[in-house]
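The next block holds one structure in the form of structure tokens; read it before the comments.
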Amino acid sequence: QVQLVESGGGLVQPGGSLRLSCAASGRFFSIRTMGWYRQAPGKERELVASITSSASTNYADSVKGRFTISRDNAKNTVYLQMNTLKPEDTAVYYCNSGGLTLNSRRYPELWGQGTLVTVSS
């Protein structure tokens, strides 16, 4: 089983940048799809960005051109570089590790504990 630990959140002014990290432990990191989700106060959790095992990426329209997701399989870590931050980016950001089935064994989807990003002037 993979454990996920997010870091890098904090308080930043509009227009600033942050880089979030998600460190994974366990097996099969390199073949899992990884994602970043966020949940703002009073809103539902939404997908921000995802990256597959082959490094294909997808982004929410609201962050395209500003955020970049990447992964370093040698370090079992996924990153979210966030530039030109806006107040509406304020949320708890969660790392997600996609589930998989391998040799008839199911390895479930996992979530990190979340890291708070606050964008405020």
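Because the structure is a prediction, the values reported are computed rather than measured.
Note: the hydrophobic cluster containing Leu85 also contains Tyr59 (ILVMFWY, side chain heavy atoms under 4.5 Å, direct or indirect links). Ile51 and Leu110 fall within the same hydrophobic cluster, defined by Ile, Leu, Val, Met, Phe, Trp and Tyr side-chain heavy atoms under 4.5 Å apart, directly or through other members.
Looking at heavy atoms from C-beta onward, Ser121 lies out of side-chain contact with Gln13 at the 4.5 angstrom threshold. Taking 4.5 Å as the limit, every side-chain heavy atom of Gln39 sits out of range of all side-chain heavy atoms of Glu46. Taking 4.5 Å as the limit, every side-chain heavy atom of Ser30 sits out of range of all side-chain heavy atoms of Ser53. By the 4.5 Å heavy-atom criterion applied to side chains, Val48 and Tyr93 are counted as neighbours. Cys95 has its side chain out of reach of Trp111: every pair of non-hydrogen atoms, C-beta onward, lies at least 4.5 Å apart. Looking only at side-chain heavy atoms (C-beta outward), Val117 and Leu20 come within less than 4.5 Å of each other.
Rounded to the nearest 0.5 Å, atoms CG (Leu4) and CZ (Arg32) are 8.0 Å apart. Between the CZ atom in Phe67 and the CG atom in Leu18 there is a gap of 9.0 Å [rounded to 0.5 Å]. Atom OG in Ser25 sits 8.0 Å away from atom CG in Asn76 (nearest 0.5 Å). For the atom pair Leu100 CG and Arg106 CZ, the distance stands at 8.5 Å (nearest 0.5 Å). Atom OG1 of Thr68 and atom CG of Asn83 lie 6.5 Å apart (nearest 0.5 Å). Remark: Met82 CE to Ile69 CD1 distance equals 11.5 Å, nearest 0.5 Å.
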### Worked check of side-chain contact (heavy atoms from CB on, under 4.5 Å) between Asn73 and Arg71
CA-CA 6 Å; Asn73 289 339; Arg71 67 193 298 162; 3.1 Å; yes
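The closest donor-acceptor contact from the side chain of Thr118 to the backbone of Leu11 lies at 3.5 Å or more, if one exists at all. Checked by atom type and distance alone, the side chain of Asp72 pairs as donor or acceptor with a backbone atom of Ala74 at under 3.5 Å. Arg66 places a side-chain N or O within donor-acceptor distance of the main-chain N or O of Ser62, the cut-off being under 3.5 Å. Using a distance-only test at 3.5 Å, with no hydrogens or angles considered, a donor-acceptor pair links the side chain of Gln113 to the main chain of Glu6. Put simply, the side chain of Thr90 gets close to the backbone of Val119: a donor and an acceptor are under 3.5 Å apart.
The shortest non-hydrogen separation linking Cys22 to Trp36 is CB-CZ2, 3.6 Å.
Proximity of the aromatic rings of Phe28 and Tyr107 is defined here by a centroid distance below 6.0 angstrom, and this criterion is met.
Under the side-chain contact (heavy atoms from CB on, under 4.5 Å) test applied with Met34, the options Asn96, Leu80, Val78 reduce to a single match, Val78.
A cation-pi contact, defined as under 6.0 Å to the ring centre and within 45° of the axis, links Arg45 to Tyr94.
Lys86 and Asp89 are not joined by a salt bridge, as no carboxylate oxygen comes within less than 4.0 angstrom of a charged side-chain nitrogen.
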